[in-house]
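Within every chain, numbering begins at 1; the chains are lettered A, B, ... in the order of the sequence lines, protein sequences first and strands thereafter.
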Amino acid sequence: MNDNSRVNRAVDALWIRSTNAVTASTRAILSEGRAHWGDAIFAEVQAQHSPAERLRFAISAACGIYVIAARDALRGRIANSRAVGWAAALGISAATIDLTADSRWPMTVLVGIGCFTLSIVIPRAVWRWPLLTGGILPLMIALTGDAGPYSYDRGDQWMPLGFTAVCAAVGVLLERMQSTRRILARLSRITSNQ
Amino acid sequence: MSQVRLSQSLVIVLGQLLAEPDQWRYGYDLSNATAVPPGTLYPLLVRLADAGWLVAKWEERGEGGRPPRHLYRLTASGRREARDVIVRATKRGWAIGLRPREA
């Protein structure tokens, strides 16, 4: 066997090993009820003729399977996942605006109204809303290392978190008062009927 | 039956499945015919199967020693829903660019 054919065989073996590793990972990552999708990809990959096409198909399909597996894993674990997503998006937008704007007002209004509204509408696990709206700013500064207007007074970056915590507390308080009023009204209706 | 979120890839794949509704299709064939990459196609197929729009079966036997392929076809309700999705997409002005199948 000459050197060229030895190299070709080694390359082929590498393609096959990589493809098998990718397809095997799809089979392993899926839950029992979905494992047949991993088998489906394995069968489809085996039907391709070129090793490069096999690997390309396997990698692309595997990415899709990872998305499905991640979604299955997260489903039902995060309560109000849509609201959590919106709160995080609001927090990121507000922090981005705040780091570039001259005034603190846009950030204050955005996170204040957002956090207050979320706390009234979804009072369950209310601590999430200040963290996701006001807590994103210090997180972004820590991750990017760019403190923007907070370079001179680093402590100020925590103010939105404190402010949103107050907004959330007010929101929950109002929501409790409303529900207490509703309960009292219902009780008084019951007693007056008797 | 759960809802399936409307997307351009969904419309293209449903259009392709509706083009020959009695024909069993496989992943590579669908990906080639629609130009939807496997990474988008398989999550779509999983969602369609979860929603009851798609029925899947295994090929009776694989050719040339390869494992049998997984085949897909729209269910009766899936065909109705697919037509509805395509009407909605057309109303939104989405271009449903279906590539002709290669012989």
Side-chain angles (χ1 to χ4, degrees), chain A residues 12 15-77 81-83 85-86 89, chain B residues 1-10 12-14 16-17 23-75 101-102:
Chain A
D12 281 352
W15 280 114
I16 293 167
R17 268 207 300 274
S18 313
T19 308
N20 287 347
V22 172
T23 44
S25 73
T26 63
R27 184 73 172 73
I29 201 170
L30 288 164
S31 60
E32 199 56 45
R34 289 215 195 278
H36 61 280
W37 288 102
D39 296 336
I41 288 167
F42 179 74
E44 212 56 63
V45 165
Q46 298 306 313
Q48 311 311 313
H49 296 297
S50 113
E53 181 62 13
R54 282 184 180 191
L55 186 60
R56 188 196 66 80
F57 192 93
I59 290 174
S60 177
C63 290
I65 292 298
Y66 299 153
V67 169
I68 290 287
R71 212 171 39 209
D72 283 354
L74 289 175
R75 185 172 293 154
R77 299 222 173 145
S81 53
R82 193 166 287 187
W86 279 110
Chain B
M1 187 178 289
S2 65
Q3 281 289 312
V4 178
R5 203 178 61 213
L6 193 64
S7 70
Q8 196 103 25
S9 305
L10 171 79
I12 293 169
V13 170
L14 287 178
Q16 193 58 234
L17 288 166
Q23 187 82 25
W24 288 95
R25 311 290 295 268
Y26 50 88
Y28 184 73
D29 162 43
L30 275 173
S31 176
N32 249 359
T34 57
V36 172
T40 308
L41 179 72
Y42 278 96
L44 255 178
L45 294 176
V46 172
R47 280 212 299 273
L48 291 175
D50 284 352
W53 295 17
L54 194 78
V55 63
K57 72 165 188 177
W58 290 100
E59 212 175 29
E60 303 226 332
R61 84 171 77 115
E63 287 163 20
R66 62 162 175 75
R69 280 173 145 162
H70 209 211
L71 306 170
Y72 316 101
R73 194 168 78 174
L74 287 173
T75 59
R101 289 188 72 189
E102 284 164 24

Q: Would you indicate whether B:Trp58, at its atom CH2, is surrounded by more than 12 heavy atoms from other residues, nucleotides or ligands within a distance under 6.0 Å?
A: yes
Q: For B:His70 and A:Trp37, take the angle between the two ring planes, folded into 0 to 90°, and tell me which bin it lands in: parallel under 30, tilted 30 to 60, perpendicular over 60.
A: perpendicular
Q: Do the side chains of B:Arg69 and A:Asp39 get close enough for a salt bridge, i.e. N-O under 4.0 angstrom?
A: no
Q: Using only atom types and a distance under 3.5 Å, with no angle test, would you say the side chain of A:Ser60 pairs donor to acceptor with the backbone of B:Gly39?
A: yes
Q: Nearest 0.5 Å, what's the CD-CG distance between A:Glu44 and B:Asp29?
A: 8.5 Å
Q: Rounded to the nearest 0.5 Å, what's the gap from CD1 on A:Ile41 to CG on B:Leu41? Could you check?
A: 9.0 Å
Q: Report which part of B:Pro68 has an atom under 4.5 Å of a heavy atom belonging to chain A: side chain, backbone, both, or neither.
A: backbone
Q: In terms of heavy-atom pairs under 4.5 Å, which option from A:Gln48, A:Arg56, A:Gln46 contacts chain B the most?
A: A:Gln48
Q: Taking atom OH of B:Tyr28 and atom CD of A:Glu53, what is their separation to the nearest 0.5 Å?
A: 4.0 Å
Q: Counting C-beta onward and ignoring hydrogens, is there a side-chain heavy-atom pair between B:Arg66 and A:Val45 closer than 4.5 Å?
A: no
Q: Side chain, backbone, both or neither: which part of B:Ala49 has a heavy atom under 4.5 Å from chain A?
A: side chain
Q: How many angstroms lie between atom OH of A:Tyr66 and atom OH of B:Tyr42, to the nearest 0.5 angstrom?
A: 14.5 Å
Q: Please state whether the side chain, the backbone, both or neither of B:Leu44 comes within less than 4.5 Å of a heavy atom of chain A.
A: neither
Q: Go through it in stages, so that I can follow the logic: the residues are A:Arg71 and B:Val46, the test is side chain to side chain contact (heavy atoms under 4.5 Å, CB included), and I'd like the CA-CA distance, side-chain angles, deciding distance and then a yes or no.
A: CA-CA 12 Å; A:Arg71 212 171 39 209; B:Val46 172; 5.7 Å; no
Q: As an exercise, state the distance from CG of B:Asn32 to CZ of A:Phe57, rounded to the nearest 0.5 Å.
A: 9.0 Å
